[in-house]
Amino acid sequence: MPLPRLIIATRNAHKTAEIRAMTDGRYEVLDVTSYPECPEIEETGTTFLENARLKAFGISAMIDGLVLSDDSGLEVDALGGAPGVWSSSYGGEEGNHPRNNARLSQEMAGKTERRARFRCTMVLARGGRELAHFSGTVEGRIIEESRGSQGFGYDPLFIPNGHESTFAELGEEVKNILSHRSRALAQVLDYLAKGA
Ligand code: ITT
């Protein structure tokens, strides 16, 4: 029996790799890089859910099968929740993680309130229509200087509560147990296991 296929509505290879590892071989996990005909979806929403819906609906309208989107980001209390839904372009250039991290470090310089959380919203869709949506968060704090080389994005600046190392130091195995993405995906997998 072939594995059921789950198409992730992303071009971020790190997200796909994390989701693939977390599904533990139960799904064939692909993303839109396997479907070059798919257009770039403009993320014009102002919430994670709006953007997750735009990606899930846009891609599932073009591709047959089960599509899962992931819209995620970092919310920093001392910055009023920024970078939030604009996490991927915070440094001025879409997807430029070193510049995003440099801006975050600069904005946080000298601040004693360092609480933050990663948030992930996922939308499961088929044929341009939503089946369900889910979200997960992980609480933690922002450190002053980047540490570690694993993961992606803001991982070198974020220490999850209960730990003294950043996600970039803890590595994939630990991150995939604790992360916002794993908490949202656990609900997705439960939903699918119940026969959606
Ligand atoms: P797609 O829209 O193609 O899925 P993207 O990277 O642009 O890829 P988002 O719009 O959801 O995705 O933005 C997510 C940004 O939030 C990402 O670029 C990082 O800056 C940050 N982020 C999300 N999850 C993260 C994680 O697990 N670790 C570190 N940073 C993360």
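What you see is a predicted model; the values in this text were computed from it and never measured. Read the numbers this way: they start at 1 and go in the same order the structure lists the ligands and their atoms.
- Partner of Ile142 under the side-chain contact (heavy atoms from CB on, under 4.5 Å) criterion, chosen from Asp77, Leu74, Ile159: Leu74.
- Ligand 1 has no atom lying under 4.0 Å from any heavy atom of Leu74.
- In this structure, Ser182 contributes its side chain and Asn176 its backbone to a donor-acceptor pair below 3.5 Å.
- By the 30° and 60° cut-offs, the orientation of the rings of Phe118 relative to His180 is parallel.
- The two atoms that bring Glu75 and Arg119 nearest to each other are OE2-NE, 2.8 Å, heavy atoms only.
- In terms of protein heavy-atom proximity, atom 2 (O) of ligand 1 is closest to Glu43 OE2, 2.7 Å.
- Annotation: atom 4 (O) of ligand 1 to nearest protein heavy atom, Thr10 OG1, 2.6 Å.
- With a 4.0 Å cut-off on non-hydrogen atoms, His97 touches ligand 1 through its side chain and not its backbone.
- Protein heavy atom at the shortest distance from atom 24 (N) of ligand 1 is Arg181 NH2, 3.0 Å.
- Atom CD of Glu144 is surrounded by 12 or fewer heavy atoms from other residues, nucleotides or ligands within 6.0 Å.
- With a 6.0 Å radius and a threshold of 12 heavy atoms from other residues, nucleotides or ligands, Arg99 has its CZ atom above the threshold.
- Residue contacts with ligand 1 do not include Ser179, since none of its heavy atoms lies under 4.0 Å from the ligand.
- Nearest protein heavy-atom neighbour of atom 28 (N) of ligand 1: Asp155 OD1, 2.7 Å.
- The nearest protein atom to atom 31 (C) of ligand 1, hydrogens excluded, is given as Phe118 CE2, 3.6 Å; this is a heavy-atom distance.
- When non-hydrogen atoms are compared, ligand 1 lies under 4.0 Å from the backbone of Phe152 as well as from its side chain.
- For Glu139 and Arg115, the salt-bridge test fails: no basic side-chain N is under 4.0 Å from an acidic carboxylate O.
- Near Asp71, with a cut-off below 4.0 Å to any heavy atom, the atoms of ligand 1 are 9 (P), 10 (O), 11 (O).
- Side-chain contact between Arg183 and Thr137 is absent, with no heavy atoms from C-beta onward closer than 4.5 Å.
- Taking only nitrogen or oxygen atoms, main chain and side chain alike, Glu18 does not reach within less than 3.5 Å of ligand 1.
- Residue Glu173 places its CD atom among 12 or fewer non-hydrogen atoms of other residues, nucleotides or ligands, all under 6.0 Å distant.
- Put simply, OG1 on Thr121 and CG on Asn51 are 9.5 Å apart, with the number rounded to the nearest 0.5 Å.
- Nearest to atom 9 (P) of ligand 1 among the protein's heavy atoms is Lys15 NZ, 3.5 Å.
- Taking only non-hydrogen atoms, the option from Glu94, Lys175, Arg119 nearest to atom 27 (O) of ligand 1 is Lys175.
- The protein atom (non-hydrogen) at minimum distance from atom 23 (C) of ligand 1 is Ser72 OG, 3.2 Å.
- The protein heavy-atom contact nearest to atom 6 (O) of ligand 1 is Asn12 ND2, 2.9 Å.
- An N or O contact shorter than 3.5 Å links Tyr154 to ligand 1 by distance.
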